[in-house]
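When reading the values below, keep in mind they use all heavy atoms of this one structure, side chains included, and skip hydrogens, waters and symmetry mates.
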Amino acid sequence: MKIDVVSIFPEIIRCLSEFSIVKRARDKGLVDINALDLREFTDDRHRTVDDAPYGGGAGMVMKPEPFFLAVDHLLQQGPADEIIVLSPAGKSFDQKAAEKLACCQRLIFLCGHYEGIDQRVADHLATMELSIGDYVLTGGELAAMVVVDSVTRLLPGAVGNQQSLAQESFCQGLLEYPQYTRPPVFRGHEVPQVLLSGNHQEIANWRRRMAEERTKRRRPDLVEDEL
Ligand code: SAM
């Protein structure tokens, strides 16, 4: 998969691509992450990417031209499956969306700052607007990397044990069961006995029950359709 991220802070993208599974997936050639500096697509001395909002109001709005030029440049290298604007007003990103994006060959992410990006970028350049949650970040870089991380770990070969993906939270419409490791007793707190029993069927039943109870209690919205 090829991923391009257009940003005024490409270093954030490069830095966050240097760790853990994303880094390993890059090293294995499963994903190529390219950070592009939006300011390279400006034509004035100050490399201006923002301007005052039409209609007045606080803050600055990111101009459309640099984004259109940056995407024109990227599309010269080949087509993209999705061109994604990160925005709190976008569709909520979730595991199902991550699974769909993980089937793509190429994704382009456009990161906003200030009061956001001129709406014409979302309306006439991007193929989707994504939000990573109901809160406002300073810029789109962290949001882009949240999406990139969750998509990258779904690429075949990215995670050491593929089976661990199948049981993760949200994969079967449930939160994951509680996990424990050694020691069996820590400060008086014991690991549930069933996990030490060696009985695989009982452990599987317990885990399923825990996942269902936990999901019902913490995220009833998830279980409505699934249980
Ligand atoms: N004025 C905008 C609003 O009220 O919706 C917020 C702009 S925010 C300060 C600047 C940029 O951060 C956005 O253009 C977007 O790229 C990114 N951003 C902030 N929160 C986000 C979220 N929850 N999901 C995705 N991107 C977000």
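- Note on residues 106-115: pairs passing side chain to side chain donor-acceptor pair (under 3.5 Å), not counting sequence neighbours, are Asp4-Arg106, Gln77-Arg106, His113-Glu141.
- Both Val85 and Val146 sit in one connected hydrophobic cluster of ILVMFWY residues. Membership requires side-chain heavy atoms under 4.5 Å apart, directly or through other members.
- Using a 3.5 Å distance cut-off with no hydrogens or angles, the side chains of Asp72 and Gln76 do not pair a donor with an acceptor.
- Atom CD of Gln163 is surrounded by 12 or fewer heavy atoms from other residues, nucleotides or ligands within 6.0 Å.
- Taking CG of Leu155 as the start and CD of Gln162 as the end, the distance is 9.5 Å to the nearest 0.5 Å.
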message: I'd like to know whether Ile84 forms a side chain to side chain contact (heavy atoms under 4.5 Å, CB included) with Leu101, so could you lay out the CA-CA distance, the side-chain angles of the two residues, the decisive distance to 0.1 Å, and finally the verdict.
response: CA-CA 11 Å; Ile84 301 164; Leu101 292 180; 4.1 Å; yes
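- The closest donor-acceptor contact from the side chain of Ser131 to the backbone of Ala89 lies at 3.5 Å or more, if one exists at all.
- In this structure, the separation between CD1 on Ile108 and CD1 on Ile3 is 11.0 Å, given to the nearest 0.5 Å.
- By the 4.0 Å N-to-carboxylate-O rule, Asp118 lies close enough to Arg120 to be salt-bridged with it.
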field: Leu69/Asp43 under side chain to side chain contact (heavy atoms under 4.5 Å, CB included): CA gap, chis, key distance, verdict
entry: CA-CA 11 Å; Leu69 290 173; Asp43 56 10; over 6 Å; no
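- A distance of 10.5 Å separates CD in Glu176 from CG in Leu174, rounded to the nearest 0.5 Å.
- For residues 60-91, the set of pairs meeting the ring pair (Phe, Tyr, Trp, His ring centres under 6.0 Å) definition, not counting sequence neighbours, comprises Phe41-His73.
- Not a single salt bridge (charged side-chain N to carboxylate O under 4.0 Å, His left out) links Glu99 to another residue, sequence neighbours left out.
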message: The test is side chain to side chain contact (heavy atoms under 4.5 Å, CB included); show your working for Asn34 and Leu74 and say whether it passes.
response: CA-CA 10 Å; Asn34 167 43; Leu74 290 171; 4.1 Å; yes
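- Residues satisfying the side-chain hydrogen bond (donor to acceptor under 3.5 Å, both in side chains) criterion with Gln105, sequence neighbours excluded, are absent altogether.
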Side-chain donor/acceptor pairs under 3.5 Å, residues 187-197, sequence neighbours excluded:
| from | atom 1 | to | atom 2 | distance (Å) |
| --- | --- | --- | --- | --- |
| Ser197 | OG | Val194 | O | 2.6 |
| Ser197 | OG | Asn199 | N | 3.1 |

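- Residue Asp27 qualifies as enclosed at atom CG: its count of foreign heavy atoms under 6.0 Å is above 12.
- Counting only residues at least two apart or on different chains, the side chain to side chain donor-acceptor pair (under 3.5 Å) pairs with a member in residues 48-64 are Asp44-Thr48.
- Ile83 approaches Leu110 most closely through the heavy-atom pair CG2-CD1, 3.9 Å.
- For the side-chain hydrogen bond (donor to acceptor under 3.5 Å, both in side chains) test, no residue two or more places apart in sequence or in another chain qualifies with Glu40.
- In this structure, Ser17 and Ile33 approach most closely via the heavy-atom pair OG-CG2, 3.7 Å.
- Heavy atoms from other residues, nucleotides or ligands lying under 6.0 Å from NZ of Lys91 number 12 at most.
- Residues satisfying the side-chain contact (heavy atoms from CB on, under 4.5 Å) test with Arg219, not counting sequence neighbours, are Phe170, Leu175, Thr215, Asp221, Leu222.
- The two residues Met1 and Cys104 make their nearest non-hydrogen contact at CE-O, 3.1 Å.
- At a threshold of 4.0 Å, the pair Glu18-Arg26 counts as salt-bridged, since one of the basic side-chain nitrogens sits closer than that to a carboxylate oxygen.
- A search for salt bridge (charged side-chain N to carboxylate O under 4.0 Å, His left out) contacts involving Arg218 returns nothing, not counting sequence neighbours.
- Transitive grouping of hydrophobic side chains (ILVMFWY, heavy atoms separated by less than 4.5 Å) keeps Met145 and Val159 in distinct clusters.
- Phe19 and Val148 are assigned to two separate hydrophobic clusters, defined by single-linkage of ILVMFWY side chains at heavy-atom distances under 4.5 Å.
- Going from atom CG of Leu165 over to atom CD of Gln95 covers 8.5 Å, rounded to the nearest 0.5 Å.
- Within the 4.5 Å cutoff, no side-chain heavy atoms of Val151 are placed close to those of Val31.
- If you run side chain to side chain donor-acceptor pair (under 3.5 Å) between Asn205 and each of Gln201, Arg209, Glu202, only Gln201 comes through.
- In this structure, Ile12 and Ser7 have side chains that are not in contact, with every pair of non-hydrogen atoms separated by 4.5 Å or more.
- Residues Val185 and Tyr180 do not share a hydrophobic cluster, defined by chaining ILVMFWY side chains whose heavy atoms lie under 4.5 Å apart.
- Put simply, Leu130 and Leu154 are part of two different groups of oily side chains (I, L, V, M, F, W, Y) that touch within less than 4.5 Å, one to the next.
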- request: Report the C-alpha separation of Cys111 and Val5 in whole Å, then their side-chain angles, then the decisive distance to 0.1 Å, and conclude whether the side chain to side chain contact (heavy atoms under 4.5 Å, CB included) test is met.
  value: CA-CA 7 Å; Cys111 303; Val5 186; 3.6 Å; yes
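- Summarising the geometry, atom CG belonging to Leu36 is positioned 11.0 Å from atom CD1 belonging to Ile13; distances are rounded to the nearest 0.5 Å.
- For the salt bridge (charged side-chain N to carboxylate O under 4.0 Å, His left out) test, no residue two or more places apart in sequence or in another chain qualifies with Arg39.
- Heavy-atom neighbours of Arg217 CZ from other residues, nucleotides or ligands within 6.0 Å: above the threshold of 12.
- In terms of heavy-atom proximity, Ile8 sits nearest to Asp37 at CA-OD1, 4.2 Å.
- Minimum interatomic distance between Leu30 and Ala158 (heavy atoms only, all atoms of both residues): CD1-N, 3.5 Å.
- The shortest distance between side-chain heavy atoms of Leu107 and Val147 does not fall below 4.5 Å.
- Minimum interatomic distance between Ala211 and Tyr177 (heavy atoms only, all atoms of both residues): CB-N, 4.0 Å.
- The pair Arg208-Glu212 meets the salt-bridge criterion, with a side-chain N (NZ, NE, NH1 or NH2) lying under 4.0 Å from an Asp/Glu carboxylate O.
- Through ILVMFWY side-chain contacts below 4.5 Å, Val61 is grouped with nothing and stands alone.
- To the nearest 0.5 angstrom, Met128 atom CE is 11.0 Å from Leu86 atom CG.
- Applying the side chain to side chain donor-acceptor pair (under 3.5 Å) test to residues at least two apart or on different chains, the pairs with a partner in residues 144-161 are Arg153-Glu168.
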